[in-house]
Amino acid sequence: MHVGLLALLPVALIACSGNVEAPGADNSAVQGAAMQGGATQRAANVPAGARPFAETVIADFDSPWAVAFLPDRRMLVSEKDGRMLMLSADGRTRRVIATLPVDSAGQGALMDIVPAPGFAQNKQVYFSYSAAGDGGKGVVLARGVLADDRLRQIEALFRAGPLVEGNGHYSGRIAFSPDGKYLFFTAGDRQKFTPAQDKQATLGKVLRLTLDGKPAPDNPLAAQGFNPAVWSYGHRNLLGLAFDAQGNLWEQEMGPKGGDEVNLILPGRNYGWPNASNGSHYDGRDIPDHKPGDGYEPPKVSWNPVISPGGLMIYAGNRFPQWKGDAFIGGLSSTSLVRVDLNGTAASKGDQWDMGARIRDVAEGPDGAIYVLEDGDDGSQGRLIRLDPRS
């Protein structure tokens, strides 16, 4: 559903008059030092030898959701309350470049941020957020143009539907096809279960859209009566989406009580939710496990106990050559960074490092370092931390 210009909604754009020093915190000497003097070494929450990388705190936020890098190494960070921030490459200065009309109750937030293909020329930034509307709430895909250090020409491109009541499972991850022609977008089941199997709903789906937010031509299920935007279905809460170097599309999602998943997303496939899962309902009721011949695409990797997966990144750099091509997942309730071995279209569990804080997002920087973003909840401080090989 194309929803037109975001200017038709109550949007407020806010820009600071200049760069502002990031505020320190009064409850953490490490955090305060990071804000006063830039990056500083982070005090480890587990023995240093347990993690094969050095950690440097780059910046601190309130409740951040995603981080993205611009070609000049500046960073964009989304805050749960709707603020989009732009940081200098060293993390020392920041400004608010936009404030979006977010319904931030529960799991609602200003969510993913991804620079467009051709950003160096078009300066476009795509992002997602949760918003209220007639009949309920839903996740919105939007786009703006970065000009004069403000996000301008903001327009909403797509709203997942139907809108429903509740504050969970928005999803809202964005990935561009390797050729830059299409946009893949995740819409969670909104904790309503059955929309994931509903042909006309876009909830519980991976969607394939044009860069203007319309259903892409030749999507695989349109001829079967599905909403023409649907690429795959039967998903729960899809919080990670990324292409590997071979053009395979990988997705991770939160399962119920057990059954967190990493999936290889194939066109037209049904991934089973809520009819099949390697986990169970929170009240203890069983859900049939994935099994051969059930008609559902099984996960490549699943976890029970859960890791509560946040963002997903597939590493392509050279700073950690031993991990090139592997997937990295931020763990929320597991307070971990999780590595998954990818080998073509196969996947298997790798390392799981205790980070001592909820990890909402993980990204690769232009320097080939790995960056993890704490989410600022349940004792997590909301820091952006750079990981480098130990010398």
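These numbers come from a predicted model, not from an experiment.
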Pairs where residues 73-104 contributes a residue and the test ring pair (Phe, Tyr, Trp, His ring centres under 6.0 Å) is met, not counting sequence neighbours
none
Could you tell me which residues satisfy ring pair (Phe, Tyr, Trp, His ring centres under 6.0 Å) with Tyr371, sequence neighbours excluded, listed by chain and number?
Phe69
Donor-acceptor pair between Ser88 and Asp90 side chains, under 3.5 angstrom:
yes
Report yes or no: do Gln191 and Asn167 form a side-chain donor-acceptor pair below 3.5 Å?
no
Could you list the residues that satisfy ring pair (Phe, Tyr, Trp, His ring centres under 6.0 Å) with Trp65, not counting sequence neighbours?
none
Report yes or no: do Ser336 and Asp354 form a side-chain donor-acceptor pair below 3.5 Å?
no
Once salt bridge (Lys or Arg N to Asp or Glu O under 4.0 Å) is applied, do any residues pair with Glu364, and if so which ones, sequence neighbours excluded?
none
For Asp351, the side chain to side chain donor-acceptor pair (under 3.5 Å) test, sequence neighbours excluded, returns Arg339
Partner set under side-chain contact (heavy atoms from CB on, under 4.5 Å) for Lys257, not counting sequence neighbours:
Tyr282
For residues 70-77, please give each side-chain donor-acceptor pair under 3.5 Å, one per line with the distance, not counting sequence neighbours.
| from | atom 1 | to | atom 2 | distance (Å) |
| --- | --- | --- | --- | --- |
| Asp72 | OD1 | Arg74 | N | 3.1 |
| Asp72 | OD1 | Arg74 | NE | 3.4 |
| Asp72 | OD2 | Arg74 | NE | 2.8 |
| Asp72 | OD2 | Arg74 | NH2 | 3.2 |
| Arg74 | NH1 | Asp149 | OD1 | 3.0 |

Using ring pair (Phe, Tyr, Trp, His ring centres under 6.0 Å) as the criterion, list what pairs up with Phe184, not counting sequence neighbours.
Trp231, Phe243
Using the ring of Phe53 (Phe, Tyr or Trp, six-membered ring only), decide whether Arg390 places NZ or CZ under 6.0 Å from its centre and within 45 degrees of its axis.
no
Is the distance between the ring centroids of Trp273 and Phe193 under 6.0 Å?
yes
Would you mind checking if Arg173 and Asp361 are paired as a salt bridge, meaning a charged N to carboxylate O distance below 4.0 Å?
yes
Return yes when atom NZ of Lys181 has more than 12 non-hydrogen atoms of other residues, nucleotides or ligands closer than 6.0 Å, and no otherwise.
no
Please enumerate all residues that pass side chain to side chain donor-acceptor pair (under 3.5 Å) together with Asp81, with sequence neighbours excluded.
Arg83
Run the ring pair (Phe, Tyr, Trp, His ring centres under 6.0 Å) test against Trp250 and tell me which residues pass, sequence neighbours left out.
none
Tell me, please, which residues at least two apart from Ser104 pass side chain to side chain donor-acceptor pair (under 3.5 Å).
none
Excluding Val306, membership of its hydrophobic cluster (Ile, Leu, Val, Met, Phe, Trp, Tyr; side-chain heavy atoms within less than 4.5 Å) reads none
